[in-house]
Amino acid sequence: MKVSKWLYTVLVLLLLWLFLTGSTSMEEVIAGIVVSVLIALFASDIFTEKGLKNLTPKKIVCAILYIPYLFWEMIKANLDVAYRVLHPKMPIRPGIVMVKTRMKSDLGKLMVASSITLTPGTFTLEVDGDTFFIHWINVKAEDVEGASEQIPGKFEKCLLRFLD
Amino acid sequence: MWNVIVGEILLVIGAIFLFLGSLGIFRLPDVYNRLQAGTKCTTLGAFSTVLGVGFIEPHWMVKSLLVGVFLLLTNPVSAHAIGRASYRIGVKLWKGSVVDKLGEYREGKNA
């Protein structure tokens, strides 16, 4: 367990290093390996909970597929908010709704809350356990079930495949 | 050549969304609605601007993508922090708001 956590941290940090330096010359890569190993020795416990179990092929594919999905949702919602801002009468129906999330882990909740905030028109105002309070610029469902279906529901379908 | 054209299109899209974001801050009625426009339209605006720069200068691409990723990671946190702080110090919702579940929930907890 400890080794798997450590190895996972090294892998992620090394990948980040390679992106940041943007070079594959020997010295850079060796420096990156040394630094990642050192940091992972101290920080792997707080960096990850599950270690290498996060890296099954299915989870990686789902995580990569989630990015274009999130972008598509962001663009759609951006155009929606842009339309409301530009419309002379400003057709907004703002309000704060309560939704329940199905995610169990802290990371899962963070991902859902961030995804909700990233798509314009909704943002997470307050979190209490598995209850989110969301400010919605155009309330379509005031009850808990309806709102849970419409806001976090669409993200959770994807997120549950690679988190929790 | 094509990469410069794609980059410039992305820059224009980014500028349009940044403009819409500031227009939204100007037009919308209360803090929470303004946050919607002010933080979200600017996310896509800033992201496509950064991406456009990456297209125009291809060897910056990896780094501009990384900048974009950090924008996407940090933006929701600050939006949430501003909204939550405003609610806690008692900034009122706009009078046209249809529902305030958080207010009801907090009253239920205090009672």
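Residue numbers start from 1 in every chain, and the chains themselves are labelled A, B, ... in the order their sequence lines are given, proteins ahead of strands. These numbers were taken from a predicted model, which means no experiment stands behind them.
- With a 4.5 angstrom heavy-atom cutoff, A:L86 touches chain B via backbone and side-chain atoms both.
- Listed options B:L72, B:L65, B:V69 were ranked by heavy-atom pairs under 4.5 angstrom with chain A; first place goes to B:L72.
- B:V50 and B:V53 fall into different hydrophobic clusters, where Ile, Leu, Val, Met, Phe, Trp and Tyr are joined by side-chain heavy atoms under 4.5 Å apart, directly or via other members.
- Linking Ile, Leu, Val, Met, Phe, Trp and Tyr residues whenever their side-chain heavy atoms come within less than 4.5 Å leaves A:L20 and B:L51 in two separate clusters.
- Between B:H80 and A:T124, the closest heavy-atom pair is ND1-O, 2.9 Å.
- Atom CD1 of B:I82 sits about 12.0 Å away from atom CG of A:L125, to the nearest 0.5 Å.
- Between B:P76 and A:L118, the closest heavy-atom pair is CG-CG, 3.9 Å.
- Residues A:H135 and B:N33 approach most closely at CE1-OD1, 3.2 Å, considering heavy atoms.
- Hydrophobic clustering keeps B:I56 apart from B:L10 (ILVMFWY residues linked when any side-chain heavy atoms are closer than 4.5 Å, directly or through intermediates).
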Apply the test side-chain contact (heavy atoms from CB on, under 4.5 Å) to residues B:F17 and A:V81: give CA-CA distance (whole Å), side-chain angles for both, the deciding distance (0.1 Å), then the verdict. CA-CA 10 Å; B:F17 273 112; A:V81 171; over 6 Å; no

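- For the pair B:L66 and A:L16, the minimum side-chain heavy-atom distance is below 4.5 Å.
- For chain B, no part of A:S115 is nearby; none of its heavy atoms comes within less than 4.5 Å.
- A:Y66 and B:F70 sit in two unconnected hydrophobic clusters of ILVMFWY residues. Membership requires side-chain heavy atoms under 4.5 Å apart, directly or through other members.
- The structure places OG of A:S114 at 7.5 Å from CG of B:L73, a figure rounded to the nearest 0.5 Å.
- Rounding to the nearest 0.5 Å gives a distance of 5.0 Å between CG of B:L28 and CD1 of A:I137.
- In the hydrophobic clustering of this structure, A:L38 does not group with A:L15; members are Ile, Leu, Val, Met, Phe, Trp, Tyr whose side-chain heavy atoms approach within less than 4.5 Å, directly or through other members.
- Atoms CD1 and CG, on B:I16 and A:N78 in that order, are 12.0 Å from each other to the nearest 0.5 Å.
- When all heavy atoms are compared, the tightest approach of B:L20 to A:V85 is O-CG1, 4.1 Å.
- Note on ring orientation: taking the six-membered ring where Trp is involved, the planes of A:F123 and B:Y32 are parallel (angle under 30°, cut-offs 30° and 60°).
- Between A:M74 atom CE and B:L44 atom CG the span is 5.0 Å, to the nearest 0.5 Å.
- The part of B:F47 that comes within reach of chain A is its side chain, from C-beta onward, which places non-hydrogen atoms under 4.5 angstrom from that chain.
- No donor-acceptor pair under 3.5 Å is formed between the side chain of A:R84 and the backbone N or O of B:G24.
- Formation of a donor-acceptor pair under 3.5 Å by the A:E126 side chain with backbone atoms of B:Y87 is not found in this model.
- Scanning all heavy atoms of the two residues, the minimum distance from B:K63 to A:T21 falls at NZ-O, 4.2 Å.
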